Amino acid sequence: GAGVSQSPSNKVTEKGKDVELRCDPISGHTALYWYRQRLGQGLEFLIYFQGNSAPDKSGLPSDRFSAERTGESVSTLTIQRTQQEDSAVYLCASSLLGEYTEAFFGQGTRLTVV
Amino acid sequence: GQQLNQSPQSMFIQEGEDVSMNCTSSSIFNTWLWYKQDPGEGPVLLIALYKAGELTSNGRLTAQFGITRKDSFLNISASIPSDVGIYFCAGQTNQGGKLIFGQGTELSVKP
């Protein structure tokens with residue numbers, strides 16, 4: 001498809017398990033973002049991949065969170081040893097780098113830790 | 001760190017009324033974006049602004065990039081029930097880097 005695709009759309013996991021969330025950006029978009037949105041809250045920045053430059057990981061809340069991206073393709077966000085406070089919608093967005101940086105979002109992955 | 005202050009936090013208006021919301025920053029921004037989020041969906045881009053003083057319209061929506069480059073507003077004219085949702089501003093500083101989001105404005109429209 002032409003938009004940002006995220007999978008799974010919903011994930012229920014037991015506390016302590018690891019989860020992987022996937023994001024397929026728009027083709028050609030060199031920038032990719034992950035955000036977390038708790039129920040009724042705003043968008044909390046997690047990590048930003050900016051082409052060949054080092055990613056901005058300043059928003060990752062703990063060392064249980066990590067993300068990878070190979071080239072300009074798919075990104076995975078991994079949460080290890082999940083906790084109940086990790087329950088949220090995880091949103092991915094992609095954009096071009098440079099002058100015009102309109103970011104387009106996927107539908108998100110709703111993570112529930114039980 | 002960098003922050004965007006978005007106001008108001010929520011609005012309750014009558015159908016047909018005009019709406020205005022704004023964002024301010026302590027930093028100079030090169031880009032201002034306005035998004036709308038419906039329940040259970042990802043944010044959808046409404047308007048993008050790239051030049052100080054720029055005024056851009058998209059149907060009943062109008063947004064402006066402040067002259068100081070530290071603020072932006074979004075106006076919605078003649079509101080309708082489907083305007084209900086949460087509106088977010090986002091910006092990128094002149095140092096580049098990540099998009100920073102405001103806290104959101106929740107809009108309710110009474111028919």
Side-chain angles (χ1 to χ4, degrees), chain A residues 1 3-7 9-10 21 23-26 29-60 67 88-110 112, chain B residues 1-10 21 23 25 27 29-52 54 56 58 63 65 69 72 84-108:
Chain A
V4 177
S5 178
Q6 291 187 245
S7 61
S9 55
N10 283 282
L21 312 180
C23 174
D24 283 89
I26 293 172
H29 279 192
T30 47
L32 187 147
Y33 305 81
W34 283 98
Y35 292 88
R36 178 170 70 179
Q37 188 175 33
R38 292 197 167 102
L39 187 64
Q41 303 295 313
L43 280 72
E44 177 187 359
F45 167 76
L46 297 177
I47 187 168
Y48 169 45
F49 293 94
Q50 41 188 338
N52 294 324
S53 301
D56 180 348
K57 302 181 180 180
S58 61
L60 295 177
V89 174
Y90 290 82
L91 290 160
C92 174
S94 71
S95 74
L96 297 171
L97 279 176
E99 186 177 359
Y100 299 103
T101 55
E102 300 154 5
F104 297 90
F105 281 84
Q107 295 285 79
T109 293
R110 181 175 298 279
T112 304
Chain B
Q2 299 149 350
Q3 283 191 324
L4 287 184
N5 295 311
Q6 185 172 350
S7 64
Q9 189 172 10
S10 61
M21 58 193 79
C23 276
S25 170
S27 303
F29 276 48
N30 272 357
T31 301
W32 284 99
L33 306 174
W34 285 93
Y35 289 85
K36 180 185 181 226
Q37 187 176 31
D38 291 326
E41 304 288 327
V44 173
L45 182 66
L46 299 174
I47 291 181
L49 302 159
Y50 294 103
K51 297 180 182 177
E54 180 181 358
T56 297
N58 178 7
F65 193 139
R69 297 169 66 191
S72 176
V84 166
I86 302 177
Y87 292 79
F88 291 98
C89 63
Q92 185 182 50
T93 70
N94 56 352
Q95 278 82 44
K98 61 182 179 283
L99 278 177
I100 303 163
F101 278 78
Q103 303 95 323
T105 295
E106 184 170 8
L107 179 63
S108 301

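Keep in mind the model is a prediction, meaning the values are calculated, not measured. What's counted below: heavy atoms across the whole structure, side chains too, no hydrogens, waters or symmetry copies. Protein chains get the first letters and strands the later ones, always in sequence-line order, with residue 1 at the start of each.
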- Message: Please enumerate all residues that pass ring pair (Phe, Tyr, Trp, His ring centres under 6.0 Å) together with B:Tyr35, with sequence neighbours excluded.
- Response: A:Phe105, B:Phe101

- Item | Contact leader toward chain B among A:Ala103, A:Ala93, A:Gly42, where contacts are heavy-atom pairs under 4.5 Å | A:Ala103

- Message: Please report the interatomic distance NZ(B:Lys98) to CD1(A:Ile47), rounded to the nearest 0.5 Å.
- Response: 11.5 Å

- Message: What's the separation between atom CD1 in B:Ile86 and atom CG in A:Leu43, rounded to the nearest 0.5 Å?
- Response: 9.5 Å

Minimum heavy-atom separation for [X] to [Y], with atom names?
X: B:Phe88; Y: A:Gln41; value: CZ-O, 4.4 Å
X: A:Gln107; Y: B:Gly42; value: OE1-N, 3.8 Å
X: B:Pro43; Y: A:Leu91; value: CD-CD1, 3.9 Å

- Task: Can you tell which part of A:Ser58 gets under 4.5 Å to a heavy atom of chain B, answering side chain, backbone, both or neither?
- Result: side chain

- Message: Does any backbone or side-chain atom of A:Glu44 lie under 4.5 Å from a heavy atom of chain B? Answer side chain, backbone, both or neither.
- Response: neither

- Check whether any side-chain heavy atom of A:Gln37 lies under 4.5 Å from a side-chain heavy atom of B:Gln37, and answer yes or no. yes

- Query: Considering only heavy atoms, which portion of B:Leu99 lies under 4.5 Å from any heavy atom of chain A: side chain, backbone, both, or neither?
  - Reply: both

- Query: Is chain A contacted by the side chain of B:Gln103, its backbone, both, or neither, given a heavy-atom distance below 4.5 Å?
  - Reply: backbone

- Task: For side-chain contact (heavy atoms from CB on, under 4.5 Å), just list the numbers for A:Phe104 and B:Leu45, CA-CA rounded to whole Å, side-chain angles, deciding distance to a tenth of an Å, and then say yes or no.
- Result: CA-CA 7 Å; A:Phe104 297 90; B:Leu45 182 66; 4.1 Å; yes

